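Step one of this worksheet: look at the structure below.
So that the names make sense, note that chain A is the first sequence line, chain B the second, and so on, each numbered from 1. Quantities reported herein were computed from a predicted structural model and do not represent experimental measurements.
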Protein chains: 2
Amino acid sequence: MGAEVAEPGTVRPGGRTARVRTAVLQAAGDTLAERGFAHLDLADIARRAEVGKTTVYRRWGTVTGLVADLLTDMAEQSLPRTESGSLLGDLKANARLVRRTLADPRQGALFKAVIAAAACEEKTAEALHRFYEIRVKEWAPCVQQAIDRGEVPKATDTHEVIRAVSAPLYYRLLTSRDPLDEAAADRAAEAAAAAARAGVYVRSEAGLG
Amino acid sequence: MGAEVAEPGTVRPGGRTARVRTAVLQAAGDTLAERGFAHLDLADIARRAEVGKTTVYRRWGTVTGLVADLLTDMAEQSLPRTESGSLLGDLKANARLVRRTLADPRQGALFKAVIAAAACEEKTAEALHRFYEIRVKEWAPCVQQAIDRGEVPKATDTHEVIRAVSAPLYYRLLTSRDPLDEAAADRAAEAAAAAARAGVYVRSEAGLG
DNA sequence: CCCATAACGGTACTCCAGTTTCGTTAATCA
DNA sequence: TGATTAACGAAACTGGAGTACCGTTATGGG
C-alpha cells in the first residue's frame, strides 16, 4: 500500500528510454540555440525529436524541468582541469574555458536559458546551484596550490577566487551586448589573481575568536 | 494615409492612464515578490490592479513587456551617487547600494525576473542593457577622480571597474544560495579596487598604434 | 464648458498548451 | 524464449491564456 511509483525512465533506463532522452535533449538544444528560451515548447520539441508529446510531458513535465535536465547532461561532459604552474596561468585557463563555453552559440544560449529557468523555478535553481558548486570545487585546488607556493595568503577562500573569475564573464553575457572576447577572459583572470594576492579573499577572522 | 496609431497611453498620459499604470506596476511588483516570475499572469495582475484585462493586454502585451516597464519605472527612482574621497570608499558605497537592492525581497525578485525576461526576448534585453549602461555611466566618474588623484593608472577603463564591482554580487545572486551580505559587497569593492590599482583595467594598447 | 476621441473595460470567442485515456511496443528477468 | 509490465504514443478532451468586438468613460484641446 502507498508504494509511490518511481519516476518514468528509472526502472528500465536502457534501449528505447535512453534513445528518447538523447533525441529530446538534442531537439531541445537545437531549438534553444536557434530560437531562444521563449520559443521552447514541449509539443514542438516532441515533434522535432520524433517522439510522442505525451512522453515528453510525462518525463519532463515543464520547460524548466527539461532545461534542468539539459544542464545535467552538459555537466557530465565537463572538460578536465589543466595545470600551468602559476595561479594566473591556471585562472586564465579557467577563464578562457568559461568564455569559450559562453561564447558558443549553442552553449551560451543554454546558459542564458538555464539562468532564466532558475529565476522561474526553485527546483531548477537548485540544480543550477549544484552545478556551479561542482564546477567551483573542481577548480579550487589550483588556488590551494597557489597558497602552498606562497603566491597568495594562507587563509584565502579558494572557492571565492574561482567565482571571482567567472563573475565578470557572466555579468557581461547577461547585461551587455559587448562580445565575450579572450581579452575579457584574461582580464577576469588577472583581476581575480591581483585581488587574491592583495588578500581580498582572505576568510574573515570571525571564526577565529 | 498610413498614419500609424501611437502606442496607447502616449496621447493622453494624464489622469486615468497614469493611475492604471501605477496600479498595474504595483500589482505586478507585488506578485513578483510574492510568487515569482513564473506566476506572473496578465489576467491575474489585471484582477489585482482592479483594471480590465483587455487594458493590460493592450498596453503591455506580454509578461516580458510588463517586466521591462517595471524596470523602466525603477530606473527613474535611482539614488544619487555619493562621494567619499577615495576609490575604495566610493566603490564600497556603490557595492553596498547594489547589494541592498538585490537583497531586498521585492527588488531582488524584480532583478531576477528582468534577467529571466531579457534571456527570453531581445527587446527586453535591450532595455536591460540600456539600464546598466546608464547605471555604469552614473558611477564611472568616481573612477575618473581616482585617476586624477593618481590612485589608479591613467588609461584605466572606468566603466569596466564599475562593472567589476557589480559582477560578483549578481553572480552570487544567480548561481548560489549564499546570502548577499555586506561582507560580500565590501569584498567586491576591494577586489575591484585592488585590480584597478594593479592596472588590470588599463585599456588595451591596440588603439594606440 | 463642450466636443472629439483616446483609453478603458465587460463579454464572448478562439485556440492551443497541457492532461487523460487506453491500446501498443519493447526492456528486463527468470 | 516467454511473461511481466515499464515506457511509449495516438487521439480525444479541457481549461485558460490571449483576442475581437463594441459600448462606456473621461482626458485634453479649443
Side-chain angles (χ1 to χ4, degrees), chain A residues 3-28 31-32 35-69 113 116-117 120-121 123-124, chain B residues 3-28 31-32 35-69 113 116-117 120-121 123-124:
Chain A
E4 276 303 312
V5 178
E7 294 277 287
T10 54
V11 179
R12 289 181 185 173
R16 185 168 56 170
T17 299
R19 261 186 330 267
V20 164
R21 179 167 183 246
T22 306
V24 168
L25 293 188
Q26 177 75 40
T31 308
L32 209 51
R35 321 207 46 208
F37 183 61
H39 294 277
L40 274 195
D41 164 49
L42 296 196
D44 181 53
I45 287 172
R47 225 171 296 130
R48 283 182 78 141
E50 297 183 294
V51 150
K53 88 168 176 169
T54 315
T55 301
V56 177
Y57 277 105
R58 188 164 36 224
R59 286 188 59 184
W60 289 278
T62 63
V63 171
T64 57
L66 177 55
V67 167
D69 195 28
C120 293
E121 222 201 17
K123 208 175 150 140
T124 310
Chain B
E4 275 305 311
V5 178
E7 293 278 286
T10 52
V11 178
R12 288 181 187 172
R16 183 168 58 167
T17 299
R19 264 190 322 271
V20 165
R21 178 167 184 245
T22 306
V24 168
L25 293 187
Q26 177 75 38
T31 308
L32 209 51
R35 322 209 44 210
F37 181 61
H39 293 277
L40 274 195
D41 165 47
L42 297 196
D44 181 53
I45 287 171
R47 225 170 297 130
R48 284 182 78 141
E50 297 184 294
V51 149
K53 87 168 177 170
T54 315
T55 301
V56 177
Y57 276 104
R58 188 166 32 226
R59 284 189 59 185
W60 289 277
T62 64
V63 171
T64 56
L66 177 55
V67 167
D69 195 27
C120 292
E121 224 200 18
K123 206 173 154 145
T124 311

Quiz prompt | Which atom of Ala49(A) lies closest to which atom of Ala23(A), heavy atoms considered | solution = CB-O, 3.6 Å
Quiz item: Think Arg21(B) has a side-chain N or O under 4.0 angstrom from the OP1 or OP2 of dA7(C)?
Solution: no
Exercise. Quick one: list whatever passes salt bridge (charged side-chain N to carboxylate O under 4.0 Å, His left out) with Arg58(B), sequence neighbours left out.
Key: none
Quiz prompt | Minimum heavy-atom distance between His39(A) and Arg35(A), given as atom pair plus value | solution = CD2-O, 3.0 Å
Quiz item: Across the strands shown, which category fits Arg19(B) at heavy-atom distances under 4.0 angstrom: base, sugar-phosphate, nothing?
Solution: sugar-phosphate
Quiz prompt | Separation of dA10(D) P from Glu50(A) CD (nearest whole Å) | solution = 11 Å
Exercise. Indicate the atoms forming the closest heavy-atom contact of Ala38(B) with Cys120(A), along with that distance.
Key: CB-O, 3.4 Å
Exercise. Figure out the CZ/C1' separation between Arg59(B) and dG9(C), and round it to whole Å.
Key: 14 Å
Self-check item: Interatomic distance, Glu7(B) CD vs dC8(C) P [rounded to whole Å]
Solution: 12 Å
Quiz item: So how far is it from Leu42(A) CG to Thr55(A) OG1, rounded to the nearest 0.5 Å?
Solution: 12.0 Å
Quiz item: What does nucleotides 11-21 of chain C look like as a protein-contact string, B for base, S for sugar-phosphate only, - for none, at under 4.0 angstrom between heavy atoms?
Solution: B-----SBBBB
Quiz item: Taking it one step at a time, do Arg59(A) and Val20(A) satisfy side-chain contact (heavy atoms from CB on, under 4.5 Å)?
Solution: CA-CA 10 Å; Arg59(A) 286 188 59 184; Val20(A) 164; 3.9 Å; yes
Could you list the donor-acceptor pairs under 3.5 angstrom formed between side-chain atoms of residues 8-18 of chain A and any protein atom two or more places apart in sequence or on another chain?
from     : atom 1 : to       : atom 2 : distance (Å)
Thr10(A) : OG1    : Glu7(A)  : O      : 2.6
Thr17(A) : OG1    : Arg12(A) : O      : 2.9

Quiz item: Looking at Thr55(A), does any N or O in its side chain come under 4.0 Å of the phosphate oxygens OP1/OP2 on dG9(D)?
Solution: yes
Please write out each protein N/O paired with an N/O of nucleotides 2-6 of chain D under 3.5 Å, distance rounded to 0.1 Å.
from   : atom 1 : to       : atom 2 : distance (Å)
dT5(D) : O2     : Arg12(A) : NH1    : 3.0
dT5(D) : O2     : Arg12(A) : NH2    : 3.0
dA6(D) : O4'    : Arg12(A) : NE     : 3.1
dA6(D) : O4'    : Arg12(A) : NH1    : 3.4
dA6(D) : N3     : Arg12(A) : NH1    : 3.1

Practice problem: Take the C1' atoms of the five end pairs on each side of the helix from dC1(C)-dG30(D) to dA30(C)-dT1(D), get both axes, and report the angle to 10 degrees. | Solution: 60°
Quiz item: Can you name the nearest heavy-atom pair linking Leu40(B) to Ala28(B), along with the distance?
Solution: CD2-O, 4.0 Å
Self-check item: Asp41(B): partners by salt bridge (charged side-chain N to carboxylate O under 4.0 Å, His left out), with sequence neighbours left out
Solution: none
Self-check item: Rounded distance [0.5 Å steps], CD1 in Ile45(A) versus CG in Leu66(A)
Solution: 5.0 Å
Quiz prompt | Carboxylate-amine/guanidinium contact Asp69(B) Arg21(B), below 4.0 Å | solution = yes
